[in-house]
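Here is the structure we will look at.
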Amino acid sequence: MNRRTLLTTSLGASLAVILGTQAGAQDMDETTQASFDTVMAFMGAMGSGDMETMGNLMADDMVWHNEGDTSLPWVGETAGKEAIFEFLGVFSANFQTTKWENLDAFASGDTVAVFGRMNGITTHSGKEIGEFTFALRAKVRDGQVVLWNWFEDSFAVSQAYHG
């Protein structure tokens with residue numbers, strides 16, 4: 001299965017909801033607005049399975065870091081665009097997102113923070129996780145994402161994964 005199919009299968013339309021949940025940007029300076037727009041475009045491309053756009057929005061030296069239980073195959077740090085695409089294949093093979101809801105999103109300069117709720121099923125055990133919260137801290141440089149630092153309730157995710 002190719003990267004696009006894997007990502008689309010697990011993230012699909014659930015991530016596309018992100019674009020409809022953007023925070024207001026009335027008082028953002030130019031750098032802050034550009035950072036916010038880049039992160040939202042990256043999320044939208046990920047949710048729709050648009051790997052070309054996603055790749056264009058990723059810096060070659062991007063770091064994707066998921067905090068949590070390192071017994072999960074998608075938790076830890078991945079550096080570099082190609083390695084991140086490989087990581088996303090592993091994630092997609094192990095986790096099917098069933099709910100994604102952004103509740104708040106903020107930006108300041110090159111940093112964007114997004115907070116929300118989600119749910120999913122781990123394909124390893126076939127168990128639903130139950131609704132949990134997430135937080136994201138992303139950094140942007142020259143119109144590309146350079147850091148994707150993801151925080152979730154990895155205890156609940158690990159419990160479902162390990163059955």
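Listed by first and then second residue, the salt bridge (charged side-chain N to carboxylate O under 4.0 Å, His left out) pairs involving residues 146-161 amount to none (not counting sequence neighbours). Every pair passing ring-ring contact (aromatic ring centres under 6.0 Å, His included) that includes a residue from residues 111-132 is listed here, sequence neighbours excluded: His124-Tyr161. Annotation: ring-ring contact (aromatic ring centres under 6.0 Å, His included) contacts involving residues 51-71, sequence neighbours excluded, comprise Trp64-Phe87, Trp64-Trp148. Pairs engaging residues 110-123 under the salt bridge (charged side-chain N to carboxylate O under 4.0 Å, His left out) rule: Glu101-Arg117, Asp110-Lys139, Arg117-Glu131 [sequence neighbours left out].
Summarising the geometry of Gly109 relative to Ser35, their closest heavy-atom pair is O-OG, 2.7 Å, with the distance given to 0.1 Å.
One distance of note links OG1 of Thr98 with CD1 of Ile129; it measures 7.5 Å at 0.5 Å rounding. Once rounded to the nearest 0.5 Å, the distance linking NZ of Lys127 with NE2 of His162 reads 12.0 Å. Between the OG1 atom of Thr111 and the CG atom of Leu147 there is a distance of 8.5 Å, given to the nearest 0.5 Å. Taken from CG in Leu72 to CZ in Phe91, the straight-line distance is 10.5 Å, to the nearest 0.5 Å. Expressed to the nearest 0.5 Å, how far CD of Gln96 lies from CG of Asn119 amounts to 10.5 Å.
Each of Leu88 and Ile121 belongs to its own hydrophobic cluster when Ile, Leu, Val, Met, Phe, Trp and Tyr are linked at side-chain heavy-atom distances under 4.5 angstrom. Clustering ILVMFWY residues whenever any of their side-chain heavy atoms sit less than 4.5 angstrom apart, transitively, puts Trp150 in the very cluster that holds Phe85. Linking ILVMFWY side-chain heavy atoms closer than 4.5 Å, directly or via other members, places Phe42 and Met28 in a single hydrophobic cluster.
In terms of the side chain to side chain donor-acceptor pair (under 3.5 Å) criterion, residue partners of Ser158 (sequence neighbours excluded) are, by chain and number, Asp69. Partners of Thr70 under the side chain to side chain contact (heavy atoms under 4.5 Å, CB included) rule, at least two apart in sequence or in another chain, are Val75. The side chain to side chain contact (heavy atoms under 4.5 Å, CB included) search around Thr53 returns Ala45, Asp50, Leu57, not counting sequence neighbours. In this structure, the side chain to side chain donor-acceptor pair (under 3.5 Å) partners of Thr32, at least two apart in sequence or on a different chain, are Asp29. In this view, Val114 and Met40, Met43, Asn102, Ala105, Val112, Phe134, Leu136 satisfy the side chain to side chain contact (heavy atoms under 4.5 Å, CB included) rule, not counting sequence neighbours. Remark: Ser125 pairs with Thr122 by the side chain to side chain donor-acceptor pair (under 3.5 Å) rule, at least two apart or across chains. With sequence neighbours left out, Glu30 forms a side chain to side chain contact (heavy atoms under 4.5 Å, CB included) with no residue at all. For Asp60, the salt bridge (Lys or Arg N to Asp or Glu O under 4.0 Å) partners are Lys81, not counting sequence neighbours.
Contact check for Val157 versus Trp74: side-chain heavy atoms found under the 4.5 Å cut-off. Arg141 has its side chain within reach of Asp61: a pair of non-hydrogen atoms, C-beta onward, lies under 4.5 Å apart.
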